[in-house]
There are 2 protein chains.
Amino acid sequence: MIRKEHKECMSALLPVRDTLDVIGGKWKILILISVWEGNKHFREIARSIPKLSTKVLSKELKDMEMNHLITRTVLNGFPVRTEYKPTEYSKSLEKVILELHQWGLNHRKKIFTD
Amino acid sequence: MIRKEHKECMSALLPVRDTLDVIGGKWKILILISVWEGNKHFREIARSIPKLSTKVLSKELKDMEMNHLITRTVLNGFPVRTEYKPTEYSKSLEKVILELHQWGLNHRKKIFTD
DNA sequence: GTAACTGGTTACCAAAAGTAAACTGATTAC
DNA sequence: GTAATCAGTTTACTTTTGGTAACCAGTTAC
């Protein structure tokens, strides 16, 4: 008997993975929203997100800077302060996040009424 | 000096988290696409996704069944075969995935041309 | 001088996720 | 009887991710 052909898929999935890498994980979207809402300084962002440690925040901010979602500026002056700001580019994620949000809302209904 | 107010955000983010739980991780979208493409049986799905172990596949399929993305039917007959099929509901993820895909494509351009 | 703030780093841990391979028990093909 | 298929489960291990808490240097407020 001839083995039934199976279909190899997995083409063009890298972009989806890329996006999930950028916004996935436990904290990235929370941090992004915090910065969107106007929190600018390291400790300010940290305080705005309960349970987020400075270690993790530090790492996530670096990732997000690399991905052009935020900018980091050190203001010289005393005391030295660091300012994190969302980029224009980061706004392009709004649509994606909205989509995730809406699907999630609907899914909750689906799961609980069913 | 009065501490500057920081803004508490983090409202209404659970739905986003829910969605990321359902489609996040390394394998779920790949498995979904495999099933969408017509792969129906356990080994068939496993073979269609290189590097995916049967242990992980087994667990992911259970999760996905719980989230109503696929159905699992055991066909009685010899040999016993199991059939996994995508649900109509699973189609509602297409838009979300498309959005993730497009943002990811654009992001690659951004990162490499910049 | 002491406590509390600034922006982080370091070392150590725990939990989750993933990997590889062996193994179930049943059936089928040679 | 032997090997290979089906649908998974089990075991033992590594990797990744996240978490805790202490700590640094410098500044400010009392």
Linked hydrophobic residues, Val74(A) as query - side chain contacts closer than 4.5 Å: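 The other cluster members (ILVMFWY side chains, heavy atoms under 4.5 Å, direct or chained) are Val80(A).
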Polar contact flag, side-chain donor to acceptor under 3.5 angstrom, Thr87(B)-Thr71(B):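 No, Thr71(B) and Thr87(B) have no side-chain donor paired with an acceptor closer than 3.5 Å.
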Under-3.5 Å N/O pairs linking protein and nucleotides 18-21 of chain C:
unit_1: dG18(C); atom_1: OP1; unit_2: Lys26(B); atom_2: N; d: 3.2
unit_1: dG18(C); atom_1: O6; unit_2: Lys55(B); atom_2: NZ; d: 3.4
unit_1: dT19(C); atom_1: O4; unit_2: Lys55(B); atom_2: NZ; d: 2.5

Selection residues 61-79 of chain B - residue pairs positive for salt bridge (Lys or Arg N to Asp or Glu O under 4.0 Å), sequence neighbours left out: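 Sorted result for residues 61-79 of chain B: Lys28(B)-Asp63(B), Lys59(B)-Asp63(B).
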Out of dG7(C), dA7(D), dC6(D), whichever nucleotide has its closest atom nearest the side chain of Arg72(B):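 For Arg72(B), the side-chain atoms sit closest to dA7(D).
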Review item, nucleotides 2-4 of chain C N/O atoms under 3.5 Å of protein N/O:
none

side-chain contact (heavy atoms from CB on, under 4.5 Å) with [X]: which residues, sequence neighbours excluded?
| X | value |
| --- | --- |
| Leu105(A) | His101(A), Pro15(B) |
| Asn106(A) | Lys109(A), Tyr89(B) |
| Asn67(A) | Val22(A), Leu69(A), His107(B), Ile111(B) |

Separation of dC5(C) C1' from Phe42(A) CZ (nearest whole Å):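 Roughly 14 Å, once rounded to whole Å.
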Nearest-angstrom distance from the residue atom NZ of Lys40(B) to C1' of dA7(D):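 Whole-Å distance recorded here is 17 Å.
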Test side-chain hydrogen bond (donor to acceptor under 3.5 Å, both in side chains) applied to Trp36(A) - qualifying residues, sequence neighbours left out: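 Partners of Trp36(A) under the side-chain hydrogen bond (donor to acceptor under 3.5 Å, both in side chains) test: Ser90(A).
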Donor-acceptor pair under 3.5 Å, Arg43(B) side chain vs dG8(D) base: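 Present.
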With Lys85(A) via salt bridge (Lys or Arg N to Asp or Glu O under 4.0 Å) - residues at least two apart: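 Only Glu83(A) meet the salt bridge (Lys or Arg N to Asp or Glu O under 4.0 Å) criterion with Lys85(A).
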